[in-house]
Amino acid sequence: MKDTQRILVTGAGGQLGQELVRTLMAVFGEDRIVASDIDRTKGIHFTQCAFEPLNVFSTEHMETIIQHYNIKQVYHLAAILSALGEKDPTSTWQVNLDGLLAVLATAQKMEVERVFWPSSIAVFGTNSPLDNTPQYALRDARTVYGIAKVAGELWCQYYFERYGLDVRCLRYPGLIGYRSLPGGGTTDYAVDIYHHAVKGENFTCYLGPDTRLPMLYMPDAIKAALQLMKAPREKIKVRPGYNIQGMSFTPAEALRSIQRFYPEFRVEYAPDQRQLIADGWPKAVDDEMAFNDWGWEPKYDLDFMTEDMLTHLMEKGVES
Ligand code: SER
């Protein structure tokens with residue numbers, strides 16, 4: 001990217017956005033990043049870079065921002081997560097799918113060079129092979145969040161093939177980080193469990209002890225996005241969204257990993273409706289194509305992540 005060009009992040013106030021903006025500022029410089037969120041109060045997180053309150057449905061406003069800052073890359077993260085999405089399927093579809101379409105159309109019109117969009121393991125479902133799910137397995141999504149991700153993947157592919165818009169996608173598994181909290185996802189327990197351990201409180205897990213899901217530690221999730229966006233265009237052979245993961249574990253395994261540092265820590269299990277969603281998701285995904293095409297390689301496994309999470313949460317202090 002040239003010196004005058006900038007990167008826009010939508011939904012920057014969310015779990016992934018806050019961490020992504022931090023890394024983008026470190027890599028490209030604070031003056032090169034524009035954080036945006038529909039919620040203007042999220043601006044408090046972005047004192048070092050530009051912040052614009054933005055509803056992506058206000059496409060004229062988005063165009064003005066793109067023009068004003070000379071935006072050449074967009075990371076479109078604004079979305080509602082899986083469990084929360086089930087409470088209001090219509091508005092989730094609108095935010096997650098129509099929001100993506102607004103961004104794709106604006107990016108194409110304004111000649112943005114690259115767009116990043118996170119897809120999810122939620123594209124898979126009951127009739128997909130759930131063990132080591134292949135890249136091109138049946139996308140049998142059963143949540144509105146997952147259905148919007150399937151449709152979104154196809155739209156991203158369409159924009160690439162029809163208009164040449166260079167949109168790149170990753171199918172994120174559960175994301176775990178110590179700096180920001182998820183809200184309304186099916187994999188949120190994997191963040192909350194660490195907070196409880198550090199606070200010295202026992203944890204009630206809404207998934208059963210043996211529910212295996214693919215996960216990714218935040219530094220690896222951010223690294224993957226940047227690596228994908230940096231790769232030469234011809235290397236990106238999968239447009240709908242690359243399978244990626246860093247590890248795959250169950251709540252019982254997470255507990256054991258934490259008990260190495262907090263032997264007294266205990267978890268009770270009280271599965272709720274999120275169990276049904278998790279049961280339809282892959283236990284692990286095959287991410288070989290990401291490795292082959294652009295060199296994807298995670299650094300953190302469960303125990304390495306546990307050590308890092310607990311160290312940082314202890315240093316930073318956990319809000320109650
Ligand atoms: N972490 C997401 C969720 O639980 C899945 O992409 O909704």
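Counting starts at 1 for both ligands and their atoms, in listed order.
The protein heavy atom nearest to atom 1 (N) of ligand 1 is Thr187 OG1, 2.8 Å.
When each of Phe291, Trp294, Phe116, Trp296 is paired with Tyr242, the ring-ring contact (aromatic ring centres under 6.0 Å, His included) condition holds for Trp294 and for no other.
Linking Ile, Leu, Val, Met, Phe, Trp and Tyr whenever their side-chain heavy atoms come within less than 4.5 Å puts Tyr75 and Val21 in one cluster.
Between the side chains of Tyr194 and Thr306, at least one donor N or O lies within less than 3.5 Å of an accepting N or O.
Side-chain atoms of Gln259 come within 3.5 Å of backbone N or O of Phe265 as a donor-acceptor pair.
For ligand 1, the polar-atom distance check finds an N/O of Thr186 within less than 3.5 Å of one of the ligand's N/O atoms. Annotation: Trp281 places no N or O atom under 3.5 Å from an N or O atom of ligand 1; distance criterion only.
Residue contact check: Ser82 has heavy atoms under 4.0 Å from atoms 3 (C), 4 (O), 7 (O) of ligand 1. The distance from ligand 1 to the heavy atoms of Gly185 drops below 4.0 Å at these ligand atoms: 3 (C), 4 (O), 7 (O). Which parts of ligand 1 touch Ser120 is read off a 4.0 Å heavy-atom cut-off, strictly below it: atoms 5 (C), 6 (O).
When every heavy atom of Leu228 is checked against every heavy atom of Arg168, the shortest pair comes out as O-NH1, 2.7 Å.
Atom CE of Met215 sits about 10.5 Å away from atom CD of Glu253, to the nearest 0.5 Å.
Taking a 4.0 Å cut-off on heavy atoms, Leu175 fails to register as neighbouring ligand 1.
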